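Just so it is clear, the model here is predicted, and its values are computed rather than measured. For ligands, and for the atoms within them, numbers begin at 1 and follow the listed sequence.
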Amino acid sequence: MTKIASLEIDGKKYELPIVEGTEGELAIDIKSLRATTGGVTTIDPGYKNTGSCLSAITFLDGEKGILRYRGYSIEELAQKADFLEVAYLLIFGELPDNTQMAKFHDDIKAQSHVDEDIKKILDGFPKSAHPMGVLSSLTNALIAFNPSSVNVDSEEEMYQAIVRILGKFPVLTAWAYRKRSGLALDYGDDNLGYVDNFLKMMFKKPSGEYVSNPIIVDALDKLLILHGDHEQNCSTSTVRIVGSSHAGLFASVSAGINALWGPLHGGANQAVIEMLEAIKEDGGDTKKYMAKAKDKNDPFRLMGFGHRVYKNFDPRAKIIKVAANEVLNELGIDDPILEIARDLEKEALEDPYFVDRKLYPNVDFYSGIIYRALGIPTEMFTAMFALGRLPGWIAQWKEMRLRKEPIGRPRQIYIGENYRDFKEINDR
Ligand code: SDX
């Protein structure tokens, strides 16, 4: 029995159907609103109350701190699966069996070469270029070397585009780091796993051998899983709306990278570490930064805190916080900013300003501490977020195209000048 919402405008009543999701979420279906009301639409800056699509990929419950990919809990996936397995799950909807997993990995490896001419584009960047700007540019440049746009109605073509970007993206990410570090580019090793190979491309010294460290591989694998997808966040919504114009997968992902770069979104992991280091330089004065975060006249925000959807602990932050401790212990690292992070979290969780606004640590609060321990420099943190989020962007782009969703084109309410005659310049 379809639930109905009733609306009354200027004494006239309208009825709108209610959509119910498989987890009991309800939404008023306003597809026919403008037509049936003669032009009335809705307004919702930041889409805080507005759903953009029906999706079967990720479910999250912000009040209960639940996150699931295709029905599997993030806690179980982080514990029992590896990143490429989770990428397969997000994109194709089911966990792969051994044969599917082996084929997926082989097909990705077969696509992990990047045209040598891409290096000429990379050479054009100054060493100081931020890796996210380099990564979005090189991802876009891949179109020139893989011109065939994806015929989404062909399952094989779609699969080839997916393994192509999954194969090349880690290379571009590692090259962005090597360029900034003044290191010769590395091509990876087909005998290594996906995450291990990425670490080799990042850290192999030109003159030395790359030796895998299972602690580092496992920690990064877990971090990438935790970043895999997060329903309609800013960058994923960007990928979907760019893809809705039938721009290709690479172009849509490049747009998503730029959206993720912002410090209010994926750029927060870099901003958290910069904030913690500033507090450390300031003698560990967390109270001063708490006061700044609460001061409405101060634009400073407590980076890594708060979330559009989670009004409880971000389940990813819980897992990462435990992992941060484990990784630092296993690697024998004593990082003073971990202590500062813990103090800040404790203070915030007891402070009425944060408690009243339900501001809890999010995925970005502790992830930077692990990246640092793994030897990944701060300016690469958001690129690591992009590497983890890539399967989610692919899955969401694929779902939007296969469902043949219309081009995204929101309405607006005009609040500018009413009609006025043109004035000659001498009369102004
Ligand atoms: C990610 O959407 C996703 O799923 C994103 C993500 C993903 O996986 O894709 O989870 C990844 O982007 C995590 C968020 C990373 N960003 C940060 O850590 C930056 C710091 N956080 C904030 O800027 C903020 O919390 C947002 C942007 C995350 C959420 O902002 P909202 O939902 O638009 O909330 P808001 O800005 O309207 O804030 C509500 C109130 C305001 O105070 P009042 O006007 O009510 O008095 O809370 C305050 C805000 O000033 N507030 C903060 C704060 N976050 C919100 N005050 C101080 N420090 C903060 N961090």
* To do: Could you check which of Gly392, Cys234, Ala348, Gly304 puts a non-hydrogen atom nearest to atom 18 (O) of ligand 1?
  => Gly304
* To do: Compute both the distance and the angle, then confirm whether Arg357 meets the cation-pi test with Tyr353: under 6.0 Å from the six-membered ring centre, within 45 degrees of the axis.
  => yes
* Asked: Just heavy atoms, cut-off under 4.0 Å: does Leu264 contact ligand 1 by side chain, backbone, both, or neither?
  -> both
* Is it the side chain (CB and beyond), the backbone, both or neither of Lys48 that lies under 4.0 Å from ligand 1, heavy atoms counted? -> side chain
* Structure fact -> For atom 48 (C) of ligand 1, the closest protein heavy atom turns out to be Tyr353 OH, 3.6 Å
* Asked: Would Glu231 count as a contact of ligand 1 if the rule is a heavy atom under 4.0 Å away?
  -> no
* Among all protein heavy atoms, pick the one closest to atom 17 (C) of ligand 1 and tell me residue, atom and distance. => Ala268 CB, 3.5 Å
* Asked: Is the distance between the ring centroids of Tyr360 and Tyr310 under 6.0 Å?
  -> no
* Consider only side-chain N and O atoms of Tyr88 and His105, and report whether a donor and an acceptor are under 3.5 Å apart. => no
* Asked: What part of Tyr310, side chain, backbone, both or neither, has a heavy atom within less than 4.0 angstrom of ligand 1?
  -> neither
* Structure fact -> With heavy atoms and a 4.0 Å threshold, my read on which part of Leu359 contacts ligand 1 is side chain
* Asked: Do any N/O atoms on Leu302 end up under 3.5 angstrom from N/O atoms on ligand 1?
  -> yes
* **Region of Lys296 engaging ligand 1 - heavy atom pairs below 4.0 Å** => side chain
* Judging by distance only, is a nitrogen or oxygen of Phe385 under 3.5 angstrom from one on ligand 1? -> no
* Structure fact -> The answer for which part of Arg357 has a heavy atom under 4.0 Å from ligand 1 is side chain
